[in-house]
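Here is the structure we will look at, set down as C-alpha cells.
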Number of protein chains: 2
Amino acid sequence: MARTKSSQGAGVTSERILDVAEVLAQTRGFNGFSYADIAAEIGITKASLHYHFPTKASLGAALVGRYRENFQAALAKIAALNEPGIEKLRLYAGVYGQVLGADRMCLCGMFAAEFSTLPEPIQGELRQFFDENETWLVRVLEEGRRDGSLRFEGSAADTAGLLTGALEGSMLLARSYRDNARFIAPVGKLIQVLAVGNEASR
Amino acid sequence: MARTKSSQGAGVTSERILDVAEVLAQTRGFNGFSYADIAAEIGITKASLHYHFPTKASLGAALVGRYRENFQAALAKIAALNEPGIEKLRLYAGVYGQVLGADRMCLCGMFAAEFSTLPEPIQGELRQFFDENETWLVRVLEEGRRDGSLRFEGSAADTAGLLTGALEGSMLLARSYRDNARFIAPVGKLIQVLAVGNEASR
DNA sequence: GTCTATAACGAGATAGAC
DNA sequence: GTCTATCTCGTTATAGAC
C-alpha cells in the first residue's frame, strides 16, 4: 500500500511541529521561542526536532511558507465568490479577524517587526506574502470600482497598502490591550469609508 | 558647585546607553539585542551597564519611558500651533515619518509585537504611550471637526485607533521592503480621506 | 525517527578590586 | 563608575546508539 499524506509515520510529526511552532511564533515572535519550547509541548526531544528541521532558519521558512499558502488558499476562495468588491473586502478583513480572535498576531506581521534579525530565506517568504496580499487586493479593489461597490482615489496599490497596513497595525495594538474591539472598530470604519454611498458621512 | 544635568559624571553615561539601546531596540526588538551589543558599541563592559541598569527589564522600561516623554513633547508642540486640525494630523504623521526616515521602527510598535514576552513594567509603559496617542488624536480630531477641516463618521476614538494602527502597520511593512514610499503613500491617502472637500474623490 | 549526551556559545547577572 | 572574573542558565546544533 502506498504511503499517503494521511498515513501514520513520516510527515505527520513535522506538521505537528509546525502547528506548535506557529502558535509560539505568532504569540512570541521568531526570537521569542526555542526548540525547547516546542519539544516540551509536543513531548519529544530537541534532537528529534532537528531531524525534521535541521536549523531554526529552516523551521522559520517552512512556517512562513505554509502560512502564506494557507492564506493564499483562503483568499482564492473569497475571490471566487459571486459577491461585490466591498463584500470581498469585508471577508478579507475577516480572515485577519479570525487570527486575532484566536489570540494570535498575524505570523507575517509579527516577523515583519523582527525583519532585520531574520535569516534571508525567511525575509524572502515574508515579502512574497505581502506581495500576494497586495496583488489580491488590487484585483478586488479594481473589481469593486467597476461593479460600483467601492470608491477610492488614486492607485489601487496605495489603497491596498493602506488596508494591509491598517489591518496589521490594528492587530498589533489590539493585542497590547487584549481588546479585539480595537481591531474591529477601526478596520470596520476604514472599509466603510471605501464603500460607495458614504459621501457625506465619514 | 552643584552638580547639574549638563555636568560631566553621573547621568551622562546612562543617556548614552539609552541612545545606543534605543537604536538597537527600534531595529531589532527587545529580544533582538543584548548587553554585549550595547557594551561593544559604547566601549564599556557589560558589568558597567548593570551599574546603570541592573536588569534588562529596567533598561527596557527606561527606554519606553523616555521615548514616550519625548513623543509627548513633540505632540504638545504640534497641539500648541495655530493650525487647523487637518494640518496637525499631517504633522502627527510626520513625527512617525521621521522615525522611519531614520531607518527605525517606532519603539512602541516594535515592542507591541513582542508584548507577551515583555516584563510587566514595560507593558504598562507601552499602554500609556498608546493611551497618550489616542487622547491627543481625539482632541485634534474633534478640533478639526469643529474648525471644518476634518470630516469623519462615528466616534473620534475609532478614527484615532485607525490612524495609529495604519501608521504603525504601514511603518512595519515599509521596513520589510526598505521602501519608505510604502509608508508615505498609504498614510497620505488616509489623511486625505479625512480631509473636508474630498467627497466625490476617494 | 527518536533517544541520550554533549558540545559550543551567548545570554543576563553578580562579586569584589580599583 | 568602571573594571576583571566568574556564575548559571538557555540557546542552537551535532554525534552516535537504538
Side-chain angles (χ1 to χ4, degrees), chain A residues 3-22 24-25 27-64 111 114 116-123, chain B residues 3-22 24-25 27-64 111 114 116-123:
Chain A
R3 196 177 284 270
T4 68
K5 273 187 183 176
S6 56
S7 72
Q8 230 179 8
V12 172
T13 302
S14 62
E15 285 296 308
R16 184 93 198 282
I17 293 168
L18 289 174
D19 290 341
V20 170
E22 190 176 67
L24 288 165
T27 50
R28 306 180 53 90
F30 186 72
N31 298 322
F33 76 94
S34 72
Y35 270 45
D37 297 326
I38 306 170
E41 176 77 19
I42 297 190
I44 61 176
T45 63
K46 291 184 290 171
S48 297
L49 293 181
H50 281 283
Y51 169 81
H52 298 280
F53 300 98
T55 66
K56 200 183 176 188
S58 69
L59 171 62
L63 226 37
V64 180
F111 280 16
E114 302 173 292
S116 72
T117 73
L118 300 176
E120 206 281 323
I122 304 185
Q123 295 186 340
Chain B
R3 197 177 281 272
T4 68
K5 273 187 182 176
S6 57
S7 71
Q8 232 179 8
V12 172
T13 302
S14 62
E15 285 296 309
R16 183 92 198 284
I17 293 168
L18 288 174
D19 290 341
V20 170
E22 191 177 68
L24 287 165
T27 49
R28 304 179 55 88
F30 187 72
N31 298 322
F33 75 94
S34 72
Y35 271 44
D37 296 327
I38 307 170
E41 177 75 20
I42 297 189
I44 61 176
T45 62
K46 289 188 292 171
S48 296
L49 293 181
H50 281 284
Y51 170 81
H52 297 280
F53 301 97
T55 65
K56 198 184 177 186
S58 69
L59 171 62
L63 226 37
V64 180
F111 280 16
E114 302 172 293
S116 70
T117 73
L118 299 177
E120 206 280 322
I122 304 185
Q123 295 185 342

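Here the structure is a predicted model, which is why all the values come from computation and not from measurement. Numbers restart at 1 for each chain; the letters A, B, ... are given by sequence-line order, proteins then strands.
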So the stems of DNA chain C, runs of at least three Watson-Crick or G-U pairs (under 3.5 Å), are C:1-18 with D:1-18

Any side-chain N or O of [X] under 4.0 Å from OP1/OP2 of [N]?
X	N	answer
Ser48(A)	dG1(C)	no
Tyr51(B)	dG1(D)	yes
Ser34(B)	dA11(C)	yes
Thr13(A)	dT2(C)	yes

Set of side-chain hydrogen bond (donor to acceptor under 3.5 Å, both in side chains) partners for [X], sequence neighbours left out:
X	result
Glu22(B)	Arg104(B)
Thr117(A)	Asn31(A)
Ser48(B)	Thr45(B)

Separation of [N] [atom2] from [X] [atom1] (nearest whole Å):
X	N	atom1	atom2	answer
Ile38(A)	dT11(D)	CD1	C1'	13 Å
Ile17(A)	dT2(C)	CD1	P	7 Å
His52(A)	dA13(D)	NE2	P	16 Å
Phe30(B)	dA11(C)	CZ	C1'	12 Å
Arg16(A)	dG1(C)	CZ	P	15 Å
Asp37(A)	dT11(D)	CG	C1'	11 Å

Rounded to the nearest 0.5 angstrom, the CD1-CG distance for Ile17(A) and Leu49(A) is 5.0 Å

d(Phe111(A) CZ, Leu63(A) CG) to nearest 0.5 Å is 5.5 Å

Okay, side chain of [X], backbone of [Y]: is any donor-acceptor separation there less than 3.5 Å?
X	Y	value
Ser14(B)	His52(B)	no
Glu114(A)	Gly29(A)	no
Tyr35(A)	Ala47(A)	no

Residue set satisfying side chain to side chain contact (heavy atoms under 4.5 Å, CB included) with Ala36(A), at least two apart, ordered chain then number -> Ser34(A), Lys46(A)

Dump the pairs, protein N or O against N or O of nucleotides 13-15 of chain C, anything under 3.5 Å, distances to one decimal.
unit_1, atom_1, unit_2, atom_2, d
dA13(C), OP2, Lys56(B), N, 2.7
dA13(C), N7, His50(B), NE2, 3.2

